[in-house]
Amino acid sequence: MTLKFDKPIFALAPLAGLTDLPFRGVVKRFGADLTVSEMISSNALVQNNPKTTKMLEKNPKETPYSIQIAGSDPNIIKRAVEIINERDGIDIIDLNCGCPAPKVVNNLQGSALLTDLKKMATAIKTIKKYSNKKYTSVKIRLGFEKKNHIEIAKVCEESGADFIAVHGRTKVGRYKAPVDYDAIAEIKQNVKIPVIANGDITTPEKAKWVLDYTRANGVMIGRGAVGKPWIFKLMKDYILDGKEDNMPSDRLIGEVVLEHFNQMVEYYGEYGAVLFRKHLHTYSKGKKGASEFRQFVNNTKETDILREAIKNFFFR
Ligand SMILES: Cc1cc2nc3c(=O)[nH]c(=O)nc-3n(C[C@H](O)[C@H](O)[C@H](O)COP(=O)(O)O)c2cc1C
(Lines give C-alpha, C1' and ligand atoms only; values in the text may rest on other atoms or scores of the structure.)
Protein backbone atom coordinates (compact mmCIF):
# COMPACT_ATOMS: atom_id res chain seq x y z
CA MET A 1 0.00 0.00 0.00
CA THR A 2 1.45 3.35 -1.01
CA LEU A 3 1.12 6.21 1.44
CA LYS A 4 0.37 9.32 -0.55
CA PHE A 5 1.07 12.70 0.97
CA ASP A 6 -0.51 14.68 -1.85
CA LYS A 7 -3.19 15.82 0.60
CA PRO A 8 -3.12 15.93 4.40
CA ILE A 9 -3.06 12.61 6.24
CA PHE A 10 -5.33 12.13 9.26
CA ALA A 11 -3.73 9.56 11.55
CA LEU A 12 -4.78 7.97 14.81
CA ALA A 13 -2.03 8.30 17.44
CA PRO A 14 -0.97 5.20 19.35
CA LEU A 15 -2.39 5.32 22.89
CA ALA A 16 -1.38 2.32 24.98
CA GLY A 17 -4.44 0.80 26.64
CA LEU A 18 -6.89 2.65 24.38
CA THR A 19 -6.15 2.35 20.66
CA ASP A 20 -6.38 -1.42 20.51
CA LEU A 21 -7.76 -3.39 17.57
CA PRO A 22 -11.46 -2.85 18.43
CA PHE A 23 -11.04 0.92 18.79
CA ARG A 24 -8.98 1.19 15.63
CA GLY A 25 -11.69 -0.65 13.72
CA VAL A 26 -14.23 1.92 14.88
CA VAL A 27 -11.97 4.80 13.93
CA LYS A 28 -11.49 3.35 10.43
CA ARG A 29 -15.23 3.58 9.92
CA PHE A 30 -14.80 7.36 10.13
CA GLY A 31 -12.00 7.59 7.61
CA ALA A 32 -8.76 7.68 9.61
CA ASP A 33 -6.05 7.39 6.96
CA LEU A 34 -3.41 5.70 9.11
CA THR A 35 -3.67 3.62 12.26
CA VAL A 36 -0.84 2.49 14.51
CA SER A 37 -0.68 -0.39 16.98
CA GLU A 38 -0.22 0.36 20.65
CA MET A 39 3.46 0.51 21.59
CA ILE A 40 4.92 -3.00 21.43
CA SER A 41 8.00 -3.82 23.49
CA SER A 42 10.56 -5.41 21.19
CA ASN A 43 11.92 -7.36 24.18
CA ALA A 44 8.48 -8.82 24.97
CA LEU A 45 7.90 -9.64 21.32
CA VAL A 46 11.20 -11.47 21.05
CA GLN A 47 10.38 -13.40 24.23
CA ASN A 48 7.15 -14.58 22.58
CA ASN A 49 4.95 -12.98 25.20
CA PRO A 50 1.45 -14.06 24.04
CA LYS A 51 -0.22 -10.76 25.02
CA THR A 52 2.39 -8.82 23.06
CA THR A 53 2.12 -11.09 20.02
CA LYS A 54 -1.66 -10.56 20.02
CA MET A 55 -1.03 -6.81 19.85
CA LEU A 56 0.35 -7.26 16.31
CA GLU A 57 -3.13 -8.21 15.02
CA LYS A 58 -5.00 -5.75 12.88
CA ASN A 59 -8.55 -5.19 11.73
CA PRO A 60 -8.75 -5.96 7.97
CA LYS A 61 -9.91 -2.36 7.44
CA GLU A 62 -6.54 -1.08 8.67
CA THR A 63 -4.62 -0.34 5.51
CA PRO A 64 -2.11 1.21 5.82
CA TYR A 65 -1.26 -0.26 9.20
CA SER A 66 1.76 0.58 11.31
CA ILE A 67 3.34 -1.44 14.11
CA GLN A 68 5.05 0.70 16.68
CA ILE A 69 7.95 -0.87 18.54
CA ALA A 70 9.95 0.34 21.51
CA GLY A 71 13.53 -0.77 21.83
CA SER A 72 17.15 0.29 21.67
CA ASP A 73 19.31 -2.86 21.55
CA PRO A 74 19.94 -3.41 17.81
CA ASN A 75 20.03 -7.21 18.17
CA ILE A 76 16.64 -7.27 19.84
CA ILE A 77 15.20 -4.78 17.39
CA LYS A 78 16.48 -6.95 14.52
CA ARG A 79 14.79 -10.04 15.96
CA ALA A 80 11.58 -8.12 16.62
CA VAL A 81 11.58 -6.89 13.03
CA GLU A 82 12.07 -10.45 11.77
CA ILE A 83 9.00 -11.54 13.73
CA ILE A 84 6.98 -8.67 12.27
CA ASN A 85 8.31 -9.54 8.79
CA GLU A 86 6.53 -12.89 9.01
CA ARG A 87 3.14 -11.16 9.06
CA ASP A 88 1.35 -9.83 6.03
CA GLY A 89 -0.77 -6.71 6.00
CA ILE A 90 1.67 -4.49 7.87
CA ASP A 91 2.88 -1.48 5.91
CA ILE A 92 5.03 0.42 8.37
CA ILE A 93 7.32 -0.24 11.32
CA ASP A 94 7.47 2.79 13.59
CA LEU A 95 10.06 3.42 16.30
CA ASN A 96 8.82 4.94 19.55
CA CYS A 97 11.10 7.83 20.58
CA GLY A 98 8.62 9.61 22.79
CA CYS A 99 7.38 7.43 25.62
CA PRO A 100 8.16 9.11 28.99
CA ALA A 101 7.17 6.17 31.25
CA PRO A 102 9.99 5.40 33.74
CA LYS A 103 10.04 1.67 33.00
CA VAL A 104 10.65 2.46 29.32
CA VAL A 105 13.06 5.37 29.85
CA ASN A 106 15.10 3.43 32.42
CA ASN A 107 15.74 0.79 29.75
CA LEU A 108 17.08 3.52 27.44
CA GLN A 109 14.01 3.21 25.21
CA GLY A 110 11.21 5.56 24.12
CA SER A 111 12.06 9.21 24.83
CA ALA A 112 15.43 8.17 26.32
CA LEU A 113 16.65 7.62 22.75
CA LEU A 114 16.46 11.41 22.35
CA THR A 115 19.37 11.67 24.80
CA ASP A 116 21.54 9.42 22.64
CA LEU A 117 21.01 10.22 18.98
CA LYS A 118 23.66 7.72 17.88
CA LYS A 119 21.65 4.96 19.52
CA MET A 120 18.48 6.35 17.99
CA ALA A 121 20.13 6.38 14.54
CA THR A 122 21.29 2.78 14.95
CA ALA A 123 17.79 1.70 15.97
CA ILE A 124 16.22 3.37 12.92
CA LYS A 125 18.88 1.97 10.56
CA THR A 126 18.36 -1.51 12.00
CA ILE A 127 14.63 -1.37 11.28
CA LYS A 128 15.26 0.01 7.80
CA LYS A 129 17.84 -2.67 7.02
CA TYR A 130 15.89 -5.73 8.18
CA SER A 131 12.24 -4.75 7.66
CA ASN A 132 10.45 -6.15 4.62
CA LYS A 133 7.70 -3.55 5.05
CA LYS A 134 7.33 -0.61 2.73
CA TYR A 135 7.99 2.16 5.24
CA THR A 136 10.00 2.93 8.35
CA SER A 137 8.81 5.81 10.50
CA VAL A 138 9.68 7.41 13.82
CA LYS A 139 7.50 9.11 16.42
CA ILE A 140 9.49 11.76 18.25
CA ARG A 141 9.14 14.49 20.80
CA LEU A 142 11.00 17.82 20.60
CA GLY A 143 13.74 16.69 22.95
CA PHE A 144 14.24 15.10 26.33
CA GLU A 145 14.71 18.09 28.64
CA LYS A 146 15.75 20.78 26.20
CA LYS A 147 14.45 21.17 22.68
CA ASN A 148 16.82 19.91 19.99
CA HIS A 149 14.06 19.03 17.58
CA ILE A 150 15.77 19.98 14.33
CA GLU A 151 18.79 17.83 15.13
CA ILE A 152 16.54 14.91 16.13
CA ALA A 153 14.44 15.19 12.96
CA LYS A 154 17.53 15.37 10.77
CA VAL A 155 19.00 12.26 12.37
CA CYS A 156 15.70 10.45 11.67
CA GLU A 157 15.85 11.52 8.04
CA GLU A 158 19.54 10.65 7.58
CA SER A 159 18.98 7.25 9.20
CA GLY A 160 16.37 6.31 6.62
CA ALA A 161 13.01 7.24 8.16
CA ASP A 162 10.42 7.66 5.41
CA PHE A 163 8.32 10.01 7.53
CA ILE A 164 8.08 11.21 11.12
CA ALA A 165 5.31 12.06 13.55
CA VAL A 166 6.16 14.86 15.95
CA HIS A 167 4.54 15.25 19.36
CA GLY A 168 5.24 18.93 19.99
CA ARG A 169 6.47 18.61 23.57
CA THR A 170 9.67 17.49 25.28
CA LYS A 171 9.74 14.38 27.46
CA VAL A 172 9.74 16.66 30.50
CA GLY A 173 6.60 18.34 29.10
CA ARG A 174 4.83 14.95 29.39
CA TYR A 175 1.24 15.41 28.17
CA LYS A 176 0.41 18.84 29.58
CA ALA A 177 3.02 21.46 28.61
CA PRO A 178 1.85 23.77 25.82
CA VAL A 179 2.43 22.19 22.42
CA ASP A 180 5.12 24.08 20.46
CA TYR A 181 3.73 24.28 16.93
CA ASP A 182 6.53 26.67 15.93
CA ALA A 183 8.97 23.84 16.60
CA ILE A 184 6.94 21.49 14.41
CA ALA A 185 6.99 24.15 11.67
CA GLU A 186 10.79 24.42 12.03
CA ILE A 187 11.16 20.68 11.65
CA LYS A 188 9.01 20.77 8.53
CA GLN A 189 11.29 23.46 7.04
CA ASN A 190 14.42 21.48 7.80
CA VAL A 191 13.66 17.99 6.51
CA LYS A 192 12.44 16.69 3.16
CA ILE A 193 10.53 13.67 4.48
CA PRO A 194 6.84 14.11 5.36
CA VAL A 195 6.08 15.39 8.87
CA ILE A 196 2.89 14.58 10.79
CA ALA A 197 2.01 17.06 13.53
CA ASN A 198 0.72 15.79 16.87
CA GLY A 199 -0.40 17.21 20.18
CA ASP A 200 -3.66 18.67 21.47
CA ILE A 201 -5.43 18.61 18.09
CA THR A 202 -9.02 18.05 19.08
CA THR A 203 -11.28 19.97 16.68
CA PRO A 204 -11.55 20.42 12.89
CA GLU A 205 -10.68 24.12 13.29
CA LYS A 206 -7.56 23.34 15.30
CA ALA A 207 -6.50 20.66 12.80
CA LYS A 208 -6.83 23.16 9.96
CA TRP A 209 -4.91 25.77 11.90
CA VAL A 210 -2.09 23.32 12.70
CA LEU A 211 -1.83 22.20 9.07
CA ASP A 212 -1.72 25.80 7.83
CA TYR A 213 0.65 27.01 10.54
CA THR A 214 3.17 24.17 10.50
CA ARG A 215 2.77 23.17 6.82
CA ALA A 216 2.86 19.59 8.11
CA ASN A 217 1.78 16.77 5.80
CA GLY A 218 -0.79 15.52 8.23
CA VAL A 219 -2.13 15.52 11.74
CA MET A 220 -2.13 12.75 14.30
CA ILE A 221 -4.98 12.65 16.79
CA GLY A 222 -4.79 10.83 20.11
CA ARG A 223 -6.90 11.88 23.07
CA GLY A 224 -9.20 13.90 20.81
CA ALA A 225 -10.42 10.64 19.26
CA VAL A 226 -11.18 8.83 22.51
CA GLY A 227 -14.95 8.95 23.02
CA LYS A 228 -15.15 10.70 19.62
CA PRO A 229 -13.92 8.35 16.90
CA TRP A 230 -16.00 10.33 14.40
CA ILE A 231 -13.57 13.26 14.81
CA PHE A 232 -11.73 12.02 11.70
CA LYS A 233 -14.80 12.47 9.53
CA LEU A 234 -15.50 15.90 11.00
CA MET A 235 -11.92 16.98 10.33
CA LYS A 236 -11.77 15.60 6.81
CA ASP A 237 -15.18 17.02 5.88
CA TYR A 238 -14.14 20.44 7.17
CA ILE A 239 -10.61 20.59 5.76
CA LEU A 240 -10.88 18.65 2.52
CA ASP A 241 -14.51 19.37 1.56
CA GLY A 242 -15.29 22.63 3.40
CA LYS A 243 -18.30 21.05 5.16
CA GLU A 244 -19.10 22.12 8.71
CA ASP A 245 -21.20 20.83 11.59
CA ASN A 246 -21.49 17.24 10.52
CA MET A 247 -21.89 15.96 14.07
CA PRO A 248 -23.18 12.38 14.07
CA SER A 249 -26.77 11.85 15.17
CA ASP A 250 -27.50 10.36 18.60
CA ARG A 251 -28.60 7.21 16.80
CA LEU A 252 -25.27 6.87 14.99
CA ILE A 253 -23.37 7.50 18.21
CA GLY A 254 -25.41 4.74 19.86
CA GLU A 255 -24.60 2.38 17.00
CA VAL A 256 -20.89 3.20 17.26
CA VAL A 257 -20.80 2.60 21.02
CA LEU A 258 -22.59 -0.71 20.60
CA GLU A 259 -20.34 -1.79 17.73
CA HIS A 260 -17.25 -0.86 19.77
CA PHE A 261 -18.59 -2.81 22.76
CA ASN A 262 -19.33 -5.89 20.64
CA GLN A 263 -15.86 -5.75 19.08
CA MET A 264 -14.27 -5.55 22.53
CA VAL A 265 -16.15 -8.66 23.67
CA GLU A 266 -15.28 -10.49 20.47
CA TYR A 267 -11.59 -9.60 20.79
CA TYR A 268 -10.99 -9.97 24.53
CA GLY A 269 -13.81 -12.32 25.51
CA GLU A 270 -16.07 -11.46 28.46
CA TYR A 271 -13.29 -9.35 30.02
CA GLY A 272 -13.69 -6.97 27.08
CA ALA A 273 -16.88 -5.72 28.73
CA VAL A 274 -14.88 -4.64 31.78
CA LEU A 275 -12.13 -3.10 29.66
CA PHE A 276 -14.82 -1.12 27.84
CA ARG A 277 -15.66 0.85 31.01
CA LYS A 278 -13.08 3.55 30.29
CA HIS A 279 -14.56 4.08 26.84
CA LEU A 280 -18.11 4.20 28.22
CA HIS A 281 -16.97 6.96 30.55
CA THR A 282 -15.83 9.12 27.65
CA TYR A 283 -18.74 8.23 25.35
CA SER A 284 -21.25 9.19 28.04
CA LYS A 285 -19.53 12.45 29.05
CA GLY A 286 -21.90 15.41 29.06
CA LYS A 287 -25.00 13.28 28.53
CA LYS A 288 -27.95 13.39 30.90
CA GLY A 289 -27.69 10.76 33.63
CA ALA A 290 -24.01 10.07 32.81
CA SER A 291 -22.81 9.81 36.39
CA GLU A 292 -25.50 7.24 37.36
CA PHE A 293 -24.74 5.34 34.17
CA ARG A 294 -21.02 5.28 35.00
CA GLN A 295 -21.67 4.09 38.49
CA PHE A 296 -23.79 1.27 37.16
CA VAL A 297 -21.18 0.35 34.54
CA ASN A 298 -18.40 0.31 37.15
CA ASN A 299 -20.29 -2.22 39.21
CA THR A 300 -21.40 -4.54 36.42
CA LYS A 301 -19.34 -7.28 34.80
CA GLU A 302 -21.98 -9.25 32.90
CA THR A 303 -21.77 -8.68 29.17
CA ASP A 304 -25.49 -9.03 28.44
CA ILE A 305 -26.53 -6.67 31.22
CA LEU A 306 -23.99 -4.09 30.06
CA ARG A 307 -25.15 -4.39 26.47
CA GLU A 308 -28.75 -3.72 27.55
CA ALA A 309 -27.60 -0.76 29.68
CA ILE A 310 -25.76 0.69 26.68
CA LYS A 311 -28.86 0.33 24.54
CA ASN A 312 -31.05 1.98 27.16
CA PHE A 313 -28.63 4.83 27.74
CA PHE A 314 -27.62 5.67 24.17
CA PHE A 315 -30.86 4.90 22.32
CA ARG A 316 -33.29 6.67 24.62
C1 LIG B 1 -2.85 7.07 27.62
C2 LIG B 1 -1.80 7.40 26.60
C3 LIG B 1 -1.08 6.37 26.00
C4 LIG B 1 -0.10 6.65 25.04
N5 LIG B 1 0.55 5.61 24.44
C6 LIG B 1 1.46 5.88 23.44
C7 LIG B 1 2.11 4.82 22.74
O8 LIG B 1 1.88 3.64 22.99
N9 LIG B 1 3.00 5.17 21.76
C10 LIG B 1 3.27 6.48 21.45
O11 LIG B 1 4.08 6.76 20.57
N12 LIG B 1 2.66 7.48 22.10
C13 LIG B 1 1.76 7.22 23.07
N14 LIG B 1 1.10 8.26 23.67
C15 LIG B 1 1.31 9.63 23.16
C16 LIG B 1 0.28 9.94 22.08
O17 LIG B 1 0.47 9.12 20.94
C18 LIG B 1 0.35 11.42 21.64
O19 LIG B 1 1.64 11.69 21.15
C20 LIG B 1 0.04 12.38 22.78
O21 LIG B 1 -1.06 11.94 23.56
C22 LIG B 1 -0.28 13.78 22.22
O23 LIG B 1 -1.33 13.72 21.30
P24 LIG B 1 -2.88 14.05 21.68
O25 LIG B 1 -2.88 15.39 22.38
O26 LIG B 1 -3.60 14.07 20.36
O27 LIG B 1 -3.33 12.97 22.60
C28 LIG B 1 0.17 8.00 24.67
C29 LIG B 1 -0.56 9.03 25.28
C30 LIG B 1 -1.52 8.75 26.23
C31 LIG B 1 -2.29 9.89 26.85
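Just so you know, ligand 1 is whichever comes first in the structure, and atom 1 is the first atom listed for that ligand.
Taking a cut-off of under 4.0 Å to the non-hydrogen atoms of A13, the atoms of ligand 1 that pass are 17 (O). Close approach of ligand 1 to K139 (heavy-atom distance below 4.0 Å) involves ligand atoms 10 (C), 11 (O), 12 (N), 15 (C), 16 (C), 17 (O), 18 (C), 19 (O). Of all atoms in ligand 1, numbered sequentially from 1 with element shown, those under 4.0 Å from a heavy atom of N96 are 9 (N), 10 (C), 11 (O).
Here the protein heavy atom with the shortest distance to atom 9 (N) of ligand 1 is Q68 OE1, 2.8 Å. Scanning all protein heavy atoms for the shortest distance to atom 20 (C) of ligand 1 gives H167 CE1, 3.7 Å. Of the protein's heavy atoms, L15 CD2, 3.6 Å lies nearest to atom 30 (C) of ligand 1. Ranking the protein heavy atoms by distance from atom 21 (O) of ligand 1 puts R223 NE, 3.7 Å first. Considering only non-hydrogen protein atoms, atom 14 (N) of ligand 1 sits nearest to P14 O, 3.4 Å. Given atom 19 (O) of ligand 1, the protein heavy atom at minimum distance is N198 OD1, 2.5 Å.
You'll find the side chain of F276 reaches within 4.5 Å of the side chain of I310, heavy atoms only. Using a 4.5 Å cut-off on side-chain heavy atoms (C-beta onward), K301 and R277 make contact.
With a 4.0 Å heavy-atom cut-off, ligand 1 is reached by the backbone of D200 and by its side chain too.
The heavy atom nearest to atom 4 (C) of ligand 1, out of those in G199, P100, A16, is found in A16.
If you look at F10 and F232, their ring centroids are not closer than 6.0 Å.
Residues D200 and K206 are not paired through a salt bridge, judged by the lack of any N-O separation under 4.0 Å between the basic side chain and the carboxylate. Using a cutoff of 4.0 Å between basic side-chain nitrogens and carboxylate oxygens, R24 and E57 are not scored as salt-bridged.
Screening R141, R169, K147 against D180 for a salt bridge (Lys or Arg N to Asp or Glu O under 4.0 Å) leaves a single residue, K147.
Annotation: cation-pi pair R294/F296 absent, no NZ/CZ under 6.0 Å from the ring centroid and within 45° of its normal. Because its NZ or CZ atom is not both nearer than 6.0 Å to the ring centre of F30 and within 45° of the ring axis, K233 does not count as a cation-pi partner of that residue.
Residue G222 has at least one N or O atom closer than 3.5 Å to an N or O atom of ligand 1.
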